[in-house]
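Below: one structure, written as C-alpha cells.
These figures come from a predicted structure and were not determined experimentally.
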Amino acid sequence: NAVGDLLLGIDIGTYSSKGVLCRPDGGIAAEARANHELSVPRHGWAEHDADEVWWADLAAIARTLTARLTRSDRIAALAVSAIGPCLLPVDAARRPLRPAILYGVDVRAAAQINELEGRYGRDALVELGGMRLTSQAIGPKILWLREHEPEVYARADRFLTATSYLVRRLTGETVIDRHTASHFNPLIDLTRLEWESRFAERITPLERLPELRWSDEIVGTVTDAAASETSIPPGTPVTAGAVDALAEAVSVGVVDPGDLMLMYGSTAFLILIVDGRRSHPDLWATAGAFPGSYALAGGMATSGSATTWFRDEFARGLRGGAGRDPYAALAHEAAASPPGAHGLLFLPYLSGERTPIHDPEARGVLAGLALGHRRGDVYRALLEGVAYGIRQNLETMIDAGAPVERILAVGGGTANPLWLQIVSDVTGRSQQVPQQTIGAAYGDAFLAGYACGLIGDLSELSARWVRPGGSIEPGPEAQAYEPFYRLFTELYRDSRSVVHSLAALVRKQEQSIGVDESIRIPEAAPG
C-alpha cells in the first residue's frame, strides 16, 4: 500500500456519532465526533431525521477528518455503520418520506407483531427467520406504516435502514448488509440469507427492499455530489456497511465462533459468533459480517441509561462536586454494600425489556427495600440487576447450542471496575477488556481495509489492531449471587401482571389529561 493510505470509518449512534482515520496497521491518524438528539414524539416511539441526524453527522465528521489529510495522504476506502435496524421509507428519488423509525427501543408495532403471529404462527416465523417477531423486527413496523400512514406507505419506493440510506447518499447504490437485513423478519430466510416472499403479502412486495450484500463488500464509490458535501474524494470505494454493534464486535476481534462481545452502553448488547445457523425464539439470530458467517445477539433495553437515570434523579449532589466523577462516587458507595445489596433486588426494566423476555410492558421493580438501606445499596442492586439480565442472555445462548468461549467487554460501562466484577461474579465468566476500545468506527475502518484489499487477512485484527488489556475473573463472592439470581427470575414472573396493569393504567391516565408525550430517553453513560 502507498505510504499515505488511510481507512475511513464512521459510525452513527443513537445520541452521538464518531469517525476515525486509520492506517492499515490499525494506528489512528485522526478522530472526530458529533452529537445529536433522539426524538421521542410519543411514548414507545423513537425517531431520527435521516438528513438532519444521520447524513449531517456523517458529512460533518468527514469534513473534519479530511481537513487533517496531508498532500501525501489518500483515503483508500470508507465503511459506515449505524444504529439498526431502522425503518426509513424513501420515494423514487430516495428522499425520506418521514423520520426514521428506530430499532428495538421503538415499540409502536406491538399490535402488528400479534397480528402476524396470529396469522402465520410463531413456530413458522421462527423456522424461517430464526427468531420470533419483537420490537427489533422491521416487518411489523412496515405493516404499522401501511396501516397508520397509508399515504407514506403508498409513496414508498424502497424501505431502507440507516446504513442503507447513508450508502445510498454516498454512492447512489441501494443495498443492505445481511446482518441488518436479518432483522427485516419475516421477510428473510435465515438459512439462505435471501429475501423470502412466504409471509410478505401482508407487509410489502420484496421489490421495495434493498439489494443484499455482506459488510466486507465494496458496493460503489463516492459520487461527485457526495464528495461536494463531505469532502471525501470522489471515487473512494465504499462498503455495504454494518450495524454499530457488529462493527464494534469486529473492532475488538470478535470474529471467530465462540467469541462474544458484551457491550456496556446505554443498553447492554451481546453478539456471539456461531458456527452455522443457530436460533432461539428468545434471541436474535442473524448473519455475521462475512460471507457464510452467523451470529446470535441479545440486547437489554436499559443498562447505562439506567445508571444515568439514577445519577440524575437520586445523586444530584454528586454532579460536578469538587471535580468528582459522580459515577465513581456512586460506585464507591455501592462497593461498601455486599453481594445482594443487603437484600435488595432490582428489575432494570425501565424501558421495557428486550431479550430474553421480550416484554415491552415490563417496568422497573425494587424489592426488599427497608429503612436501613442506603443509596449505595440501591445503586449496587441496579448494577446487579443488569448483571442478572446479562446472565439470562448468556444462558439462553448456551441453551441454543452456542458455546461461549471468550467474552470481550467494551463500552463506557467498562470504566466501572465494580460493575465488571459483579458481572463476572454473577455469570461465573471471565471477561477480557482490551487495552483500548475505540468503538464501532474503528471496526468500520478495519472492514474498509479488508474490503479494499489493504488488509489481507482477518488474523491482522489480533496481530496488529486489537491490543490486549486486562481480564476480570470471577471472585470468591461469586457463589453468593446464586440465590439472588433465582429470586430475580421469580420476581419478574410474580410481578408481571401487576406491572402490566400499572403500565395500562398510566397510559389511560395520560390519555385522559393530554400529557406531553415529547420526552427524552437518558443517554448512554459510563456506568
Side-chain angles (χ1 to χ4, degrees), residues 260-265 267-272 282-283 296 298-307 310 327 330-331 333-350 353-357 362 364-368 376-399 402-433 470-493 526-527:
L260 181 138
M261 181 202 71
L262 173 53
M263 182 171 67
Y264 295 78
T267 69
F269 203 89
L270 304 89
I271 291 184
L272 173 66
D282 297 331
L283 297 170
L296 281 176
M300 299 173 64
T302 51
S303 55
S305 56
T307 65
F310 189 93
Y327 292 111
L330 284 170
E333 292 180 8
S337 182
H342 287 121
L344 286 182
L345 280 175
F346 193 102
L347 298 185
Y349 307 147
L350 304 184
E353 186 55 299
R354 299 191 286 173
T355 63
I357 66 172
V365 174
L366 180 62
D377 298 316
V378 181
Y379 191 64
R380 184 181 187 105
L382 187 158
L383 300 179
E384 290 176 348
V386 174
Y388 296 140
I390 291 170
R391 174 169 169 174
Q392 281 185 310
N393 277 282
L394 288 173
E395 290 181 347
T396 307
M397 289 175 168
I398 293 168
D399 287 344
V404 178
E405 305 291 347
R406 186 174 69 125
I407 298 177
L408 278 295
V410 301
T414 59
N416 185 340
L418 174 65
W419 203 359
L420 290 173
Q421 188 62 58
I422 288 173
V423 170
S424 280
D425 288 345
V426 165
T427 62
R429 297 275 184 165
S430 64
Q431 301 174 80
Q432 298 178 24
V433 184
S471 65
I472 309 296
E473 303 295 332
E477 298 175 327
Q479 286 300 314
Y481 285 106
E482 290 301 315
F484 291 100
Y485 176 63
R486 290 194 297 271
L487 291 173
F488 174 86
T489 59
E490 292 178 15
L491 179 60
Y492 167 69
R493 182 193 64 210

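- Distance check: D425 CG to L418 CG gives 9.5 Å after rounding to the nearest 0.5 Å.
- Annotation: the span from I422 atom CD1 to L382 atom CG amounts to 10.0 Å, rounded to 0.5 Å.
- For Y492, the ring-ring contact (aromatic ring centres under 6.0 Å, His included) criterion is met by Y349, not counting sequence neighbours.
- In this structure a side-chain-to-backbone donor-acceptor pair under 3.5 Å is missing from S337 to A334.
- Going from atom CG of L350 over to atom OG1 of T302 covers 4.5 Å, rounded to the nearest 0.5 Å.
- Formation of a donor-acceptor pair under 3.5 Å by the E384 side chain with backbone atoms of G340 is found in this model.
- By the ring-ring contact (aromatic ring centres under 6.0 Å, His included) test, F310 pairs with F314, Y379, sequence neighbours left out.
- For S471, the side-chain contact (heavy atoms from CB on, under 4.5 Å) partners two or more places apart in sequence, or in a different chain, are E473.
- Between the side chain of S424 and the backbone N or O of R429, at least one donor-acceptor pair lies under 3.5 Å.
- Residue L330 holds its CG atom at 12.0 Å from CH2 of W419, rounded to the nearest 0.5 Å.
- Taking a cutoff of 4.0 Å between a charged side-chain nitrogen and a carboxylate oxygen, E490 and R486 do not qualify as a salt bridge.
- Residues satisfying the side-chain contact (heavy atoms from CB on, under 4.5 Å) test with L366, not counting sequence neighbours, are L344, F346, L369, V378.
- The closest side-chain heavy-atom distance from S430 to R406 is not below 4.5 Å.
- Side-chain atoms of T307 come within 3.5 Å of backbone N or O of G304 as a donor-acceptor pair.
- Using a 4.0 Å cut-off between charged side-chain N and carboxylate O, R391 and E482 make a salt bridge.
- Applying the side chain to side chain donor-acceptor pair (under 3.5 Å) test to E333 and every residue at least two apart in sequence or in another chain returns R375.
- The aromatic rings of F488 and Y388 lie tilted to each other, with the angle between the two planes from 30° to 60°.
- Rounding to the nearest 0.5 angstrom, the gap separating the CG atom in L272 from the CE atom in M261 is 11.0 Å.
- Scored by the side chain to side chain donor-acceptor pair (under 3.5 Å) test, E353 finds no partners at all (sequence neighbours excluded).
- Separation of atoms OG1 (T355) and CG (N393) is listed at 3.5 Å; rounding is to 0.5 Å.
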